[in-house]
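Worksheet: the structure to be examined is printed underneath.
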Amino acid sequence: MQFAARTHVGLVRKSNQDGYLIRMREERECIALVADGMGGQRAGEVASALAIDIMWDHLSRPGEFTDPASQLKWTIMRANEAIYEKSREVIEYAGMGTTVVATYATPETVHYAHVGDSRIYMFSKPYGLRRLTEDHSLVHELVRRGQVTAEEAFSHPQRHLLTRALGTLPAVEAECASTQWHEGDLLLMCSDGLTTCMMDREIEACFQTDIPLHEQVNHLVEMSLSRGAPDNITVIALFHDGEPVWRDSRS
């Protein structure tokens, strides 16, 4: 297995409030997280860092994962509680929050959970790109109801308004699921800094190329930058190459 990742502040924001993590839990198991923080000053950065730290603290503990997707969902709930309490304790952090996408990947299965509008995609050359998560956003609700098209949603003025996020309420409902994957498949996790600038078909075209994984990730970030990159951009790609051990794609 291979992985590659990159985060960039973008061309408008003064700080990068995105955070990500890729860690091995066992030799054949990988946990990856992306969080996109929101809030004034450093509050968004604090929220995303708290989400990642708390989730990894729980997920790294010894023990069997009998239901990994539900385990991811449970850790998101714990992170939500911690962020919400911190926002009440420190006046500068009032109202802070974050999105999160979380995956627990084995050579056979990808388990995942999410809250907000950061996304997870699965790509395979025979079938193309498919989105595994549905945005918790106002615009996605409009698309689901047939009130706007996917193309209209891409440039909708309210596309950043979330209907669900970590830390803004005492409790949050995360969505979780599992899917099989096979040699040659690729898993993409990203903050909306990427999907604000690139449509799904453009992301798919990048992965149809045969360039190395880290170059594909860099290409996605550079394309976003070439289009103005109004938000922080974070991209993680996990590639199933049939080998038993996860490794950085540049090694």
Side-chain angles (χ1 to χ4, degrees), residues 2-22 32-38 44-45 48 98-101 103 110 112 114 116-135 137 139-140 143 148-162 181 184-241 248-250:
Q2 300 178 38
F3 64 83
R6 185 178 174 188
T7 189
H8 195 287
V9 69
L11 300 178
V12 175
R13 307 287 188 185
K14 293 183 178 180
S15 63
N16 193 342
Q17 297 189 330
D18 285 1
Y20 75 92
L21 174 145
I22 308 170
L33 311 172
V34 172
D36 178 358
M38 56 190 183
E45 183 181 343
S48 61
T98 185
T99 71
V100 69
V101 284
T103 60
V110 175
Y112 59 94
H114 85 291
D117 63 353
S118 295
R119 294 179 181 176
I120 306 173
Y121 294 87
M122 183 74 78
F123 172 81
S124 63
K125 287 197 172 180
Y127 304 107
L129 189 75
R130 63 186 176 101
R131 194 185 307 176
L132 299 183
T133 56
E134 293 189 0
D135 295 350
S137 68
V139 168
H140 177 72
V143 172
V148 300
T149 66
E151 288 73 21
E152 291 169 334
F154 182 73
S155 57
H156 197 283
Q158 295 179 308
R159 63 188 182 277
H160 297 302
L161 294 181
L162 300 181
W181 72 331
D185 290 348
L186 182 148
L187 189 77
L188 170 68
M189 303 169 65
C190 62
S191 63
D192 72 334
L194 175 69
T195 53
T196 293
C197 295
M198 297 188 67
M199 299 191 74
D200 287 4
R201 65 174 178 269
E202 297 175 304
I203 297 171
E204 180 179 84
C206 174
F207 291 128
Q208 291 284 5
T209 66
D210 292 324
I211 62 176
L213 186 65
H214 72 274
E215 292 185 20
Q216 291 176 329
V217 167
N218 283 336
H219 176 76
L220 293 175
V221 174
E222 293 300 326
M223 283 293 294
S224 300
L225 292 171
S226 74
R227 296 175 181 182
D231 202 353
N232 309 145
I233 310 158
T234 299
V235 179
I236 292 177
L238 308 177
F239 180 65
H240 195 316
D241 65 358
D248 190 299
S249 67
R250 289 164 292 187

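What you see is a predicted model; the values in this text were computed from it and never measured.
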Inset, instruction - For His240, check ring-ring contact (aromatic ring centres under 6.0 Å, His included) against everything at least two apart and list the hits. - result: Trp181
Legend entry - Contacts of type ring-ring contact (aromatic ring centres under 6.0 Å, His included), residue Phe123, not counting sequence neighbours: Phe207
Inset, instruction - Go through the steps for Tyr20 and Leu33 under the test side-chain contact (heavy atoms from CB on, under 4.5 Å), then give the verdict. - result: CA-CA 5 Å; Tyr20 75 92; Leu33 311 172; over 6 Å; no
Inset, instruction - Enter the distance from Asn218:CG to His8:NE2 here, rounded to the nearest 0.5 Å. - result: 10.5 Å
Inset, instruction - To the nearest 0.5 angstrom, please state how far the NE2 atom of His219 sits from the SG atom of Cys206. - result: 4.5 Å
Sidechain-backbone polar pair: [X] side chain, [Y] backbone, donor-acceptor under 3.5 Å:
| X | Y | answer |
| --- | --- | --- |
| Thr133 | Ile120 | yes |
| Gln2 | Asp248 | no |
| His114 | Glu134 | yes |
| Ser224 | Leu220 | yes |

Legend entry - Pairwise side-chain contact, Leu129 with Ile203, heavy-atom cut-off 4.5 Å (strictly under): yes
Show me the side-chain donor-acceptor pairs of residues 184-197 shorter than 3.5 Å, one per line, residues at least two apart or across chains.
| from | atom 1 | to | atom 2 | distance (Å) |
| --- | --- | --- | --- | --- |
| Asp185 | OD2 | His182 | N | 2.8 |
| Ser191 | OG | Asp18 | OD2 | 2.8 |
| Ser191 | OG | Thr234 | N | 3.1 |
| Asp192 | OD2 | His160 | ND1 | 3.2 |
| Thr196 | OG1 | Asp192 | O | 2.7 |

Inset, instruction - Could you name each residue pair satisfying salt bridge (Lys or Arg N to Asp or Glu O under 4.0 Å) that touches residues 227-240, not counting sequence neighbours? - result: Arg13-Asp231, Glu202-Arg227
Inset, instruction - Determine whether the side chains of Thr98 and Ser48 contain a donor N or O and an acceptor N or O closer than 3.5 Å. - result: no
Inset, instruction - Among Ile233, Leu162, Thr99, find the residue that satisfies the side-chain contact (heavy atoms from CB on, under 4.5 Å) test when tested with Asp36. - result: Thr99
Legend entry - Partner set under salt bridge (Lys or Arg N to Asp or Glu O under 4.0 Å) for Asp200, not counting sequence neighbours: Arg119, Arg131
Inset, instruction - Identify the two heavy atoms, one from Val12 and one from Gly228, that lie closest to each other, and give their separation to 0.1 Å. - result: CG2-O, 4.2 Å
Legend entry - Minimum-distance pair of heavy atoms, taken over all atoms of Met223 and Met198: CB-SD, 3.7 Å
Inset, instruction - Could you tell me which residues satisfy side chain to side chain donor-acceptor pair (under 3.5 Å) with Glu222, sequence neighbours excluded, listed by chain and number? - result: Arg6
